Structures are given as structure tokens and as C-alpha cells.
Amino acid sequence: MTDIDWQTIWLTVKLATLTTIILLILATPLAWWLTRTTHWSKQIVASIVALPLVLPPTVLGFYLLILMGPTGPIGEFTEAIGIGLLPFTFTGLVIASILYSLPFAVQPLHNAFESLGERPLEVAATLRASPLDRFLTIVMPMARPGFVTAAILVFAHTIGEFGVVLMIGGNIPGETKVLSVAIYDHVETLEFAQAHWLAGGMLLFSFTVLLLVYMVNGRAHRSRHQ
Amino acid sequence: MNSGIYAKFDTSFDDFSLQVELSLPGQGISALFGHSGSGKTTVLRCMAGLQKARGELIVNGECWQNDRIQLPVHQRPLAYVFQEASLFSHLSVRANLEYGYKRIAASERKIEFEQAVAWLGVAPLLARHPDKLSGGERQRVAIARALLTSPRLLLMDEPLSALDQKSRREIMPYLEQLHEHLSIPVIYVTHAADEVARLADHLVVMDNGRISASGPLTETLARLDLPVHQYDEAGVVIDATVTDIDHHWHLVQLSFDGGVLWAKDPGAKPGQRLRARVLARDISVAHQHHQDTSILNVMPATIVGIADSNHPAAKLIKAQVGQTPFLAQLTAKSVSLMGLDIGAQVWLQVKSVAVID
């Protein structure tokens, strides 16, 4: 493995970590709103959130490229405030990853919130807990398996993304070149040994992550039924 | 009116409508009684603010809700005991108890932690996890947790109905004790007549989202026009004093306003106040005082009311012994053959008296 490969691994982990942290912060209120609301727009929002699940990553990447490009509204805005254009930068990649992995954060949280039911919150309210207090002391701890699942899935999903990265980030070493792209490059240039190392590592990593998720969920499930 | 509870609610959802206006005593246990679907739980949820409804709620002089004010649940100084204990599964028993306790100002605390723990006998459970408790234990913890908010109104929604017979018997003495410890009003929702007889001071009967009767327990139970009587549970509850004990035959003499009754001795002491329940189906009526009967309790009475019952063959008779009303269930045929009518002087033969201890 070359230094560039190590640099790529580091960049990938940094991207996945940042995406996970930001997404958990954004997805928590969104998932909570989806759980509690009776507003007519609920189904529309839920569908938009789920879109990245079914959309080809290239489609998502294409629209982001247009929006964040020099003639897109986001691009004009970021240029106006002096950040410059986001495509082909690490920041652009983070934004794209957040959108791409949004359903992987929202759905486990949404499920966890739904399975709590109304009762614990009603009980807490009669014990003088304000709405925020209830969220912090009842919802968050009781939905912990949902948070763990969401974090692991988002992290793993971001590590594995390819299409969106190519569309929005390209292949700039140290800035936007992530693992999946590096493997593609190695294969293109017939460096099979390096491709093996990275691909094998990804395989092992993905398996470990899934095993973790299943173990966490299994334990939460068991303790609830004891 | 500074003391007492005034509640008025008007709401409807799905195809159910609720319209109630209630004045309840400012202390003691008021039972909200009715079959499922009568709206009694909805009234309780409206009082707690868990269910939005137009209306008014004044508790011992404090307004919790009217046209302008609608206090959110967590700002109403009440406690709510749910049908299922609903302990927080991520917290230990101790942390469950402390949840509400920690959320009220120290100056507001009228019930201390150790006090509530002792009343409900939950000291041995403190370190445990809710998953490891029996149904009865869980409900006792839930009641202690509710009391630890030092509420000014305690709402209980069928707290025993999810429990088996054994747990119910285990928890009942704790509830009766609360009656003595607490000076706050308790509203107790139930569909079990025996819980009403045991615990209630005031009875509210609900039917189909409306109040069909509300008043002091003994008076209200003796009303002839109650839908309660549809449940084959018609009967009265008598507050009595133990005035004599027959150790030889293991009987106690219970004196009430207007007469005496003999009942099986529950281990009572002379002078003790007891409640006794006499069911309408355990009373028969005679014109003469028969000496040759196995029935111990025979009392002179005046018929004050006759009503139809849930079956065309049966009638319900209300008869007064002194100031105390009794109900008797007779066949319509007997009523007709005996020529019973309002004002008639008769003898009540009471086959069974259940002492509630």
C-alpha cells in the first residue's frame, strides 16, 4: 500500500465521521417530527427523506453538481458569501454524503421513536417533565439502540459511497479521493494487489459493522422481553 | 367555593362524545364508575390535560383550565396512576421514584421519599430493575412514584384491573391506607363494584359519555335509577360501628343509623368503624316477622321505591330501615302477589352481609 492509499483511508474515515456526527444532529429532530406530527406534509417529507434509497447515486450527484455549480442557487450563494464553489471540495463531499445517507439516519431513529409509544411520555409529563426534559431523559435513553444503529449505518454507508463522490468530488488525492474511488483507480491501472488490500479491508469492515448492528439490536430486543 | 373539585368537559372524537359537569369533594376518594366505553378514563385524561377538551377545571380553588387558561400536563400539580404501571424501563426502581420527586421544588415536597417508600412497602425493591418486578410490585412502585410529586390531586385509572386476583388482594390494603395518609382528593376510575364498595366515599356513575349519578357513596348506591344495577351487582354499602361481639358464634353486631346487622366476625374490635356490603339479591321481603327462619337478620322497613330491573321477571325494591336505605331484588310476581307498594311496612330478611375489611 502506498502513502496515497493511507491518505485515502484517512480522508474516507474523516468524511464518514463528520457525516455521521452532523447527520445525527440533523436527523434527530427530523425523525422526531416525523414520529409526532399529524401534519399533511408528513408523507411528502418522509418520501423525500427516503429518495436516496431508490435514486441512482449519479442522479443525486448530478443535481447536486447543478445546484452547487456556478449557475446553481447554492453555488451563487456560496460564492456571494465568499466560500467559493463547493463541487470538487471536501465540504461539498460532506454535504453530498449527508444527503445521500439521510435515510440511513432518519429511518432507524424514526422506528425507535415510534416503538416507544405515547405512554412513557405521558407518564413523564404527569411527573412534571417539560417537553424538552421528556425528550432528553426519556426518549433519548430509551431510543439508544436506534441511535447506535443510525450511527453505524451512516458511517458504513458513507465509507462505501462511490457514484455521488465521482459526480460531485471527482478524484483529487487528499481532498476528495475516497476508498471506493481508489479501488476503482487501482483496477483501472491493473494494480490488483493494492486493489485486493483495499477491497478485502472493506469487506472485513462491512461485515464487522453489520455484525455489530445485529448484536446491538439483538441485545436491546432481548432485554425488552425479559 | 374554595374547597372541592369542579370539572366541566365537552369533547368528541371518532363517534364518541363526552359531556360532563361534576362537583366532587375536595378530599377523600371519588370513584368514577361505569362499564368500558362509558368515558370515565377520558374524564380523567381531560383532568390531567392528557386529552384536549373544551371546559373548565378548578381544584380546591386553583384554576387549571378554563376558556383562557389551559395548563399543560407538566404544570398541573397532579399525579396520575395508569392502568399498566408504565415504569421507565431504562431506570431502576429508585430512579423511577426519584423522577418526579426531583422535579418539584424542595419547598413543595409534602411527601418525603422515605414516607412514600414505607407506605407502599417498596423499600426492598429500590435497587431492582422494573423488568424484574411482579405486576403488583410494579403498580406499587408506580403509585409511590406518583405520590412523590406531592400532588394536589391524585388520579388513578383502574390501577388494579391489569393485575391478577392475588396481586389485587396484595395491593388493596395499601390503597386503603392511603385513604388515611392523604388529605388530597383522589379520583379513582374503576369498573369493579367491589373496589367502589371498599374505597370510595363519593360515587360518580358514568354511562355513554354522560354522568348518570353523582353523590355520597351510600346514598348514590341506593338509587333505583342507576345503570349500575344492570350488572347484577345492585346492593348498598353501610357504614357501621361494631357494638357487640359474639365470641361463641364468631359474629359481630354492626350498628348503623336505624338498626343492627349481625355478620361473620372478621376479627373486629368493639367500637371499630366498618363497612358492610349488602347485595340486593341477598334480601327477601316478608309481611310478617317469621321466627322460624334460618335468617339472623330480620329488620322492619318501609318501602320507598320500586323499579324495573334488567330482566322483566325482576323488580328492585328500595326500603328504608330508619334512615338507612336497602335494596332488595324480588320477582315481579312476588311484588304483585304480596301487593307491595310504596309506603308498605315490611320485614327485610338479609341472608348475607359482607364485611369489608
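Quantities reported herein were computed from a predicted structural model and do not represent experimental measurements. In the text below, chain A, chain B and the rest are named by the order of the sequence lines, each starting its count at 1.
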*Is there a side-chain contact (heavy atoms from CB on, under 4.5 Å) between B/Y80 and A/E122 once you walk through the steps?*
CA-CA 9 Å; B/Y80 200 115; A/E122 290 190 345; over 6 Å; no
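- The shortest heavy-atom contact between A/V123 and B/R145 is CG1-NH2, 3.1 Å.
- Heavy atoms from other residues, nucleotides or ligands lying under 6.0 Å from CZ of A/F62 number 12 at most.
- Other residues, nucleotides and ligands place no more than 12 heavy atoms under 6.0 Å from the OH atom of A/Y214.
- With a 6.0 Å radius and a threshold of 12 heavy atoms from other residues, nucleotides or ligands, A/R144 has its CZ atom at or below the threshold.
- Looking only at side-chain heavy atoms (C-beta outward), A/T126 and B/R76 stay at 4.5 Å or farther from each other.
- Between chain A and the options B/S86, B/A48, B/A79, heavy-atom pairs under 4.5 Å are most frequent for B/S86.
- For CD of B/E84, the number of neighbouring non-hydrogen atoms (other residues, nucleotides, ligands) closer than 6.0 Å is greater than 12.
- Interface remark: B/L91 contributes no atoms to any contact with chain A (heavy atom separation under 4.5 Å).
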_Please evaluate residues B/R103 and A/T137 with respect to the criterion side-chain contact (heavy atoms from CB on, under 4.5 Å), reporting the C-alpha separation (whole Å), side-chain torsions for both, the decisive distance (0.1 Å), and the verdict._
CA-CA 12 Å; B/R103 280 167 175 76; A/T137 58; 3.4 Å; yes
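- Residue B/P77 touches chain A through both its backbone and its side chain, counting heavy-atom pairs closer than 4.5 Å.
- Atoms CG and CG, on A/L121 and B/L50 in that order, are 11.0 Å from each other to the nearest 0.5 Å.
- With rounding to the nearest 0.5 Å, the separation of NE2 in B/H90 from CE in A/M140 is 11.0 Å.
- Crowding of A/Y184 atom OH: a count of heavy atoms from other residues, nucleotides or ligands under 6.0 Å not exceeding 12.
- Sparse packing is recorded around NE2 of A/H196, with 12 or fewer heavy atoms of other residues, nucleotides or ligands lying under 6.0 Å away.
- Applying the 6.0 Å contact sphere to CZ of B/F113 captures more than 12 heavy atoms from other residues, nucleotides or ligands.
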*Working for side-chain contact (heavy atoms from CB on, under 4.5 Å), residues B/H74 and A/R134*: CA-CA 10 Å; B/H74 68 279; A/R134 300 201 280 272; 4.0 Å; yes
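- For A/K42, the NZ atom counts as densely surrounded, since its 6.0 Å shell holds more than 12 non-hydrogen atoms of other residues, nucleotides or ligands.
- Judged purely by atom type and a 3.5 angstrom limit, A/R128 uses its side chain to pair as donor or acceptor with the backbone of B/L78.
- Of all the heavy atoms in A/A129 and B/Y99, the pair that sits closest is CB-OH, 3.6 Å.
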